[in-house]
2 protein chains.
Amino acid sequence: MARIISTKNTSKKDVIIKKAAFLFTKKGFASTSMRQLADHIGVEASSLYNHIGSKNELLQTICFKVANDFTTQLHQIAETDLSFTQKWEQIIRFHISMMLNHYEEVFVANHEWKQLEDPFLSNFLHQRKLYESRLVEWINAGIQKKEFRNIDPHVAVLTILSAVRGLEFWHRHKKNINTKKLESAMLDHLLFGLIKK
Amino acid sequence: MARIISTKNTSKKDVIIKKAAFLFTKKGFASTSMRQLADHIGVEASSLYNHIGSKNELLQTICFKVANDFTTQLHQIAETDLSFTQKWEQIIRFHISMMLNHYEEVFVANHEWKQLEDPFLSNFLHQRKLYESRLVEWINAGIQKKEFRNIDPHVAVLTILSAVRGLEFWHRHKKNINTKKLESAMLDHLLFGLIKK
DNA sequence: CCTACCGATCGGTAGG
DNA sequence: CCTACCGATCGGTAGG
């Protein structure tokens with residue numbers, strides 16, 4: 001008789017997806033069963049199928065929601081006439097805030113996308129590749145404008161994206177560090193390095 | 001009648017572990033069945049149990065081999081009288097070379113340790129925590145000796161370790177970049193940053 | 001090393 | 001929303 005609690009802004013499907021992201025983060029997609037998911041929500045496993053199509057659909061929904069958020073933000077920043085240093089600062093800050101405010105969904109998109117099935121897998125990888133290509137262009141443009149040091153653009157993108165992704169460990173450690181301070185500290189390291197001049 | 005091929009330096013167990021690391025990297029631990037593993041090796045699933053104890057034991061072996069390699073190297077570098085800049089350079093280079101030369105094992109240790117069961121899970125996390133604490137000390141000491149800028153040491157360790165971990169994407173993209181060049185480029189970014197002075 | 005097999009659990013459906 | 005159930009697959013064992 002238990003019912004999934006939904007509100008005006010949060011459908012029952014949303015509740016299921018949110019809980020799924022939590023469990024997929026904690027135990028992994030493959031190791032999370034629909035029965036466990038149902039238990040955490042308070043219904044029987046079969047009841048979930050009134051709101052969702054399949055277990056795989058849950059993963060697809062999470063992965064593409066995250067991917068679209070990043071793509072949208074990239075395009076918004078690209079349209080501005082900010083310097084490339086400023087564009088990079090904006091996108092790094094966005095990555096950090098996504099990591100801190102939508103931790104579970106981002107974690108699932110980062111770690112469990114492999115479990116997607118075609119055509120979703122191909123689409124996801126394609127979208128990510130386009131995203132990274134655009135970021136490489138931003139590095140190249142910044143080098144040409146003499147904003148950046150003359151570094152390898154692919155390595156730079158890789159280094160920055162990976163560093164920001166590492167915030168998932170931070171989240172796990174549950175350090176109650178000031179968010180703004182963390183953003184500034186990481187940005188500072190990535191832009192200015194470790195070594196004293 | 002098929003038999004696992006072993007040599008003087010590579011036991012049958014080693015062959016199984018190597019193939020397991022490959023499959024765990026490609027599909028994840030939970031999504032890899034013992035039957036798939038046996039197929040890739042060329043025997044029946046039940047035959048594997050003549051050489052190994054369980055599926056979980058495979059994961060434990062891989063995770064702790066990697067953890068021990070890193071811990072050993074850390075202690076060796078710690079014993080030298082190198083400057084902290086040089087110590088950091090050494091450990092970053094070691095991380096990069098582990099990533100490039102033992103990709104699959106490192107990947108499994110980085111991504112699938114969650115599937116370990118206690119007491120292995122606790123041990124693994126404890127070992128990792130000690131490792132990171134030592135690295136934080138290296139940053140603090142470098143700041144005191146005026147080698148490093150006055151940055152947040154935890155953020156610095158997180159940033160560096162995460163960036164290096166990102167090399168797994170590089171490996172996946174199969175770019176045939178010069179290894180030494182890649183090492184230098186990433187080291188350069190982490191030590192000196194992006195921005196031109 | 002294989003054949004034969006076990007109990008447990010999986011994602012999902014039928015029907016109400 | 002639940003009960004009852006399906007076929008498939010899982011990790012692992014017995015016995016040779």
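In what follows, chains carry the letters A, B, and so on, assigned in the order in which the sequence lines appear, proteins first and then strands, with residues in each chain numbered from 1. Just so we're clear, the structure is a prediction, and the values are computed from it rather than from any experiment.
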Does the ring centre of B:F24 sit less than 6.0 Å away from the ring centre of B:F107?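 No.
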Cation over ring, B:K55 on B:F29, under 6.0 Å and within 45°?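 Pair B:K55/B:F29 counts as cation-pi.
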Main chain of A:A30, side chain of B:S31: is a donor-acceptor contact present, judged purely on distance under 3.5 Å?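 No; zero donor-acceptor contacts below 3.5 Å.
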Could you tell me the separation between the NE2 atom of B:H51 and the C1' atom of C:dC1, rounded to a whole number of Å?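 From B:H51 NE2 to C:dC1 C1': 8 Å.
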Starting at atom NZ of A:K27, determine the distance to atom P of C:dT9, rounded to an integer number of angstrom.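 For the pair A:K27 NZ and C:dT9 P, the rounded distance is 13 Å.
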Base-pair string, DNA chain C, Watson-Crick plus G-U, cut-off 3.5 Å on both distances, | for inter-strand, is ||||||||||||||||
Is B:D14 salt-bridged to B:K18, cutoff N-O under 4.0 Å?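 Looking at B:K18 together with B:D14, the answer is no, because their closest N to O distance does not fall below 4.0 Å.
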Can you hop from A:L130 to A:L161 via hydrophobic side chains spaced under 4.5 Å?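 Looking at the clustering, A:L161 is in a separate group from A:L130.
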Could you note down all residue pairs passing salt bridge (charged side-chain N to carboxylate O under 4.0 Å, His left out) where residues 32-41 of chain A supplies at least one of them, sequence neighbours left out?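 For residues 32-41 of chain A, and leaving out neighbouring residues, there are no salt bridge (charged side-chain N to carboxylate O under 4.0 Å, His left out) pairs at all.
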I'd like to know if the side chain of A:N68 pairs up with that of A:Q127 as donor and acceptor (distance under 3.5 Å, no hydrogens or angles considered).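 Yes, A:Q127 and A:N68 have a side-chain donor paired with an acceptor closer than 3.5 Å.
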Could you check whether A:D188 and A:S184, counting side-chain N and O atoms only, form a donor-acceptor pair closer than 3.5 Å?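 On atom types as modelled, these side chains do not qualify, holding no pair under 3.5 Å.
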Reading nucleotides 10-16 of chain D 5' to 3', which nucleotides get B (base under 4.0 Å from a protein heavy atom), which S (sugar-phosphate only), which -? SBBB---
